[in-house]
Amino acid sequence: MARYLITSALPYINGIKHLGNLIGSQLPSDAYARYLRAKGHEVLLICATDEHGTPAELAAAKAGKPVAEFCAEMWAVQKDIADGFAMSFDHFGRSSSDRNHKLTQHFAGRLAEAGLIEEVMEKQVYSNADGRYLPDRYIEGTCPNCGYDKARGDQCENCTKQLDPVDLIEPRSAISGSTDLELRETKHLYLRQSTMREKLETWIDGQKDWPILTTSIAKKWLNEGDGLQDRGITRDLDWGIPVKRGDRAWPGMDGKVFYVWFDAPIEYIAATAEWADASGQDDAAWERWWRTDKGAGDVHYVQFMAKDNIPFHTLSFPVTLMGSAEPWKLVDYIKGFNWLNYEGGKFSTSQGRGIFMDQALEILPSDYWRWWLLSNAPESDDANFTWESFQSGVNKDLADVLGNFVSRVTKFCRSKFGEVVPEGGTYGEMEAAVIAEIARRLEAYEARMEAIELRKATAELRAIWVAGNEYLQAAEPWSVFKTDPGRAAAIIRFALNLIRLYGVLSAPFIPVASRDILAAMHVEDAEWPEDVKTALAALPAGHTFSVPEVLFAKITDERRDELEARFAGS
RNA sequence: GGGCCUGUAGCUCAAUUGGUUAGAGCAGAGCGCUCAUAACGCUUUGGUUGGGGGUUCGAGUCCCUCCGGGCCUACCA
């Protein structure tokens, strides 16, 4: 029994996320957490919405709502959808919470005391028409390098040259199109990351088991050019966490807020505090997960995120934690994911291309998506969603292999023995062989889960399901029944126990179906098996069950074609 | 431009980190079974591991080079 703190990257607040976002962090973190809980570990799974920044303000303006109201509504929407996908978050927080305000200001104060904050006067583009400062990305103009007329202030998408907004010819606001822009002097706080470069590198070099994807991205930032650069951690915005030094005002920083990337990871901690508050616990309850001086020394902390988030989790956030000179828990393992593409291209919000989380739930139950996404997770490379692959995965794995196994066993039993585990007969070599096979597969399955190799884990789980069909085919209870009903009873008793075991083992990936399977078997609480032979004796003769409804309906070719056309985009 | 990842069967992926004959699932072919969601099981077709060169007793794995795909490059998050 160990203690695992697990965080999923925070989904941004400005809209409903698509399936690529889902498989990039939330879904794998849930499968991992469910597995560890089932194994009896103490687990805390944390997620939250990331609510600050210019895009949130613009999305709110577009919706015609005050930003605070907009974020509150979108948080509720995202929470509902997460519930719809059976995410087992212990807490789904908000980066705009009071807890995060306090903690973010606390960290800023500590960093300032440690001499890691520098005040810098800089020039920022202000748009009079929009009444706001514009981030580089929101300034458009003609590229001085290639003449492309929709170049952005940070980079020209046409020639990929990196730009500064002042380089643009005829710059305009990307929000309003206004050319009424001016450069204004404004003061900002910079986090002196560069001073901690060596400390970070030592820390990262000590992480021998991190994936290449993770360490290579981190090392790149540490060593490229002049090395790790200092980073602005404040912005001229209304919506955000006001710049304060602990609980004291910060002279000269009135009206400014912390940069979203400074406060977002701190929300991992704040959300844990929100969890304690919501469950009526005191500060010690969350501090034992985060403070190594208050009980977090034995915590194993795993972060899930897509690859674009890695620099912030390997560099900026650790600088915040280490720089505070307080004993905060640092991440032990980062699980990074590549991208999920849609039918060979990118998911696109603006073009309506691909599938969004709310739409997915309207089409089919969450387990269908969970299974396909997790068994095709972009772990080693970008992955590709196609309707054909989705249909095949759902129909073959879920309907034919698992669903049909449950169906054939329970229906056969009902017709020959009634809805009760039959008695009589004995187990022989055939059953011993199945027990050995499943024990071997289970060991592999557990090893894959512990290594967070989810694709490989699903392959092992599938093989465990297949073993049931192989057994049934070899044992032939439908033939044996005619000459030796007692032996047929033993076979079915064993097969019904396999169903119960599948219900237990499948829960990390398809929790709803697992619950349905166990409910059909009239099992209240199912523990993860210590020993396969014992687990396959859990349902004794005389135990009743109910033949379940069809667990997984197949996706027909017509349905697939219809969905494919519907989501093709404009 | 720079850096990183990647290329294995028609498709999606493996290959115990340099070790016998490169394996699975899907798709295809054949056979079997009839309990079951026309489901299941068995057998089987299919690869010069992107091309070329090198190191080695031995290379899918290491090195060089060429070709293809992808990502990152710090103010979108």
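All of these numbers come straight from a predicted model, not from anything done at the bench. The sequence lines fix the lettering, A, B, ..., with proteins before strands; numbering per chain opens at 1. In what follows, every heavy atom counts, from backbone to side chain, and hydrogens, waters and symmetry copies are set aside.
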Review point. How does RNA chain B look in dot-bracket notation if pairs are Watson-Crick or G-U with both distances under 3.5 Å, crossing ones as [ ], other-strand ones as |?
Key: (((((((..((((.....[...)))).(((((.......))))).....(((((..]....))))))))))))....
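For residues 472-495 of chain A, the pairs satisfying side chain to side chain donor-acceptor pair (under 3.5 Å) are A:E431-A:R487, with sequence neighbours left out. Residues in residues 449-465 of chain A take part in these side chain to side chain donor-acceptor pair (under 3.5 Å) pairs, two or more places apart or across chains: A:Y35-A:E450, A:D397-A:R462, A:R441-A:E460, A:R448-A:E453, A:W465-A:S506.
At the heavy-atom level, A:L551 lies under 4.0 Å from base atoms of the strands shown. Counting any heavy atom pair closer than 4.0 Å across all strands shown, A:K346 reaches sugar-phosphate atoms only and no base atom. Note on A:W261: a base of the nucleic acid sits closer than 4.0 angstrom, heavy atoms only. As judged by a 4.0 angstrom heavy-atom cut-off over every strand, A:K456 is placed among residues touching the sugar-phosphate backbone only. Looking at heavy-atom distances under 4.0 Å, A:P55 makes contact with sugar-phosphate atoms alone, never a base. When heavy atoms are screened at a 4.0 angstrom cut-off, A:E122 is found touching base atoms of the nucleic acid. Here A:V550 lies in heavy-atom contact (under 4.0 Å) with a base. Backbone-only engagement by A:K307 is indicated by non-hydrogen atom pairs under 4.0 Å involving sugar-phosphate atoms exclusively. In this structure, A:F552 reaches the bases: a heavy-atom distance under 4.0 Å links it to at least one base atom across the strands shown. Within the 4.0 angstrom heavy-atom criterion, no nucleotide atom of any strand lies near A:G336. Nucleic acid contact class of A:K220 (heavy atoms, under 4.0 Å, all strands): base.
Checked against the 6.0 Å centroid criterion, the rings of A:W261 and A:F317 do not qualify as a close aromatic pair. The aromatic ring centres of A:H52 and A:Y12 sit 6.0 Å or more apart.
Taking A:Y471 as the reference, A:F494 meet the ring pair (Phe, Tyr, Trp, His ring centres under 6.0 Å) condition, with sequence neighbours excluded. Taking A:F337 as the reference, nothing meets the ring pair (Phe, Tyr, Trp, His ring centres under 6.0 Å) condition, with sequence neighbours excluded. Here A:Y138 pairs with nothing under the ring pair (Phe, Tyr, Trp, His ring centres under 6.0 Å) rule; sequence neighbours left out. For A:F481, the ring pair (Phe, Tyr, Trp, His ring centres under 6.0 Å) partners two or more places apart in sequence, or in a different chain, are A:F417. In this structure, the side-chain contact (heavy atoms from CB on, under 4.5 Å) partners of A:L551, at least two apart in sequence or on a different chain, are A:V406, A:D516, A:I517. By the salt bridge (Lys or Arg N to Asp or Glu O under 4.0 Å) test, A:R500 is found to be paired with no residue, residues two or more places apart in sequence or in another chain being considered.
Near RNA chain B, meaning a heavy atom under 4.0 Å away, the residues from residues 380-396 of chain A are A:S380, A:D381, A:D382, A:S392, A:K396. Taken residue by residue, residues 477-487 of chain A places heavy atoms nearer than 4.0 Å to RNA chain B at A:W478.
Taking side-chain N and O atoms only, A:R152 has no distance below 4.0 Å to OP1 or OP2 of B:C75.
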Return the polar atom pairs (N/O with N/O) between nucleotides 41-45 of chain B and the protein under 3.5 Å, or none.
| residue | atom | partner | partner atom | Å |
| --- | --- | --- | --- | --- |
| B:C42 | OP1 | A:E470 | OE2 | 3.3 |

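The backbone N or O of A:R560 lies less than 3.5 Å from no partner atom in the side chain of A:Q391, so there is not a single donor-acceptor pair.
Between A:Q193 and A:Q229, every side-chain heavy-atom pair lies at or beyond the 4.5 Å cut-off.
With hydrogens and angles ignored, a donor-acceptor pair under 3.5 angstrom links the side chain of A:N404 to the base of B:A36.
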